[in-house]
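Reading through the structure tokens given below for one structure.
Count residues from 1 along the sequence.
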Amino acid sequence: QVQLVESGGGLVQPGGSLSLSCAASGNIFSIIKMAWYRQAPDNGRELVATVTQGGDINYQDSVEGRFTISRDSAGNTVYLHMNNLKPEDTAVYYCMAYIEIYSQIQGGLKYEKENFWGQGTQVTVSS
């Protein structure tokens with residue numbers, strides 16, 4: 001149906017930079033919103049940044065000015081560029097997309113809106 005495939009992440013020293021990407025594919029009619037979440041050990045999943053189809057962008061206060069979310073011109077790939085990373089940014093990062101999908105039914109197409117999630121990628125900030 002729909003797949004979100006993440007790449008990037010890894011180990012970086014404090015103050016360093018990393019970039020994540022997430023590509024959506026499948027029976028997509030439109031991608032309404034894309035976002036990055038993260039989950040540190042023993043913590044709940046928290047919203048990091050969002051970008052809408054119209055280009056509205058929001059950040060969690062703790063990453064404002066250090067992280068940049070963007071989408072490619074086709075709108076199917078979202079990026080998270082992370083600068084000046086801190087140990088507290090260590091977490092598994094998940095891509096999320098709110099997508100209107102289509103499916104074939106007798107007589108035409110059916111449209112539905114759903115949230116889809118990537119598999120997660122580890123970001124570790126440590127010296």
Okay, side chain of [X], backbone of [Y]: is any donor-acceptor separation there less than 3.5 Å?
X: R66; Y: N84; result: yes
X: T52; Y: G54; result: yes
X: T90; Y: V125; result: yes
X: D72; Y: T77; result: yes
X: T121; Y: G8; result: yes

To the closest 0.5 Å, what do you measure between [atom1] ([X]) and [atom2] ([Y])?
X: S25; Y: N76; atom1: OG; atom2: CG; value: 8.5 Å
X: N27; Y: Q1; atom1: CG; atom2: CD; value: 5.0 Å
X: I32; Y: I99; atom1: CD1; atom2: CD1; value: 8.5 Å

Where is the tightest heavy-atom contact between [X] and [Y], given as atom of each residue plus distance?
X: S17; Y: N83; result: OG-OD1, 2.9 Å
X: C95; Y: V78; result: SG-CG1, 3.9 Å
X: S127; Y: P14; result: N-CD, 3.7 Å
X: M34; Y: C22; result: CE-O, 4.3 Å
X: I31; Y: A24; result: CD1-CB, 3.9 Å

Distance-only criterion, 3.5 Å: show the donor-acceptor pairs between side-chain atoms of residues 112-120 and protein atoms not counting sequence neighbours.
from, atom 1, to, atom 2, distance (Å)
Q119, OE1, E6, N, 3.3
Q119, NE2, E6, O, 3.2

> Are Q13 and S126 close enough, and set up right, to give a side chain to side chain contact (heavy atoms under 4.5 Å, CB included), and what steps lead you there?
Replying inline: CA-CA 5 Å; Q13 292 187 342; S126 175; over 6 Å; no

>> Using the rule given for side chain to side chain contact (heavy atoms under 4.5 Å, CB included), can you reason through Q53 versus R71, listing the C-alpha separation, both sets of side-chain angles and the distance that settles it, and then say yes or no?
In response: CA-CA 9 Å; Q53 191 174 35; R71 287 171 71 169; 4.3 Å; yes

>> Does Q3 have more than 12 heavy atoms from other residues, nucleotides or ligands lying within 6.0 Å of its CD?
In response: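 12 or below, so no.
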
> To which residues is F29 joined in a hydrophobic cluster, defined by side-chain heavy-atom contacts under 4.5 Å among Ile, Leu, Val, Met, Phe, Trp and Tyr, whether direct or through other members?
Replying inline: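 When side chains under 4.5 Å apart are linked, the cluster holding F29 also contains Y102, L109, Y111.
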
> Hey, are the side chains of L80 and T68 touching, using non-hydrogen atoms and a 4.5 Å cut-off?
Replying inline: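 When only atoms from C-beta onward are counted, T68 and L80 do not touch, as no gap falls below 4.5 Å.
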
Should [X] and [Y] be regarded as members of a common hydrophobic cluster, given that ILVMFWY residues are connected when their side-chain heavy atoms come within less than 4.5 Å of each other, either directly or indirectly?
X: L85; Y: Y59; value: yes
X: I101; Y: M96; value: no
X: V12; Y: L20; value: yes
X: Y79; Y: V63; value: no
X: F67; Y: V123; value: yes

Taking distance alone, no hydrogens or angles, what donor-acceptor pairs closer than 3.5 Å link side-chain atoms of residues 35-51 to residues at least two apart or in another chain?
from, atom 1, to, atom 2, distance (Å)
R38, NE, E46, OE2, 2.6
R38, NH1, D89, OD1, 3.0
R38, NH1, Y93, OH, 2.9
R38, NH2, E46, OE2, 3.3
R38, NH2, Q60, OE1, 3.3
R38, NH2, S62, OG, 3.4
Q39, NE2, N43, O, 3.1
E46, OE1, Q60, NE2, 3.4
E46, OE2, Q60, NE2, 3.4

> What do the steps show when you test S70 against H81 for side chain to side chain contact (heavy atoms under 4.5 Å, CB included), and what is the final call?
Replying inline: CA-CA 8 Å; S70 62; H81 302 290; 4.1 Å; yes

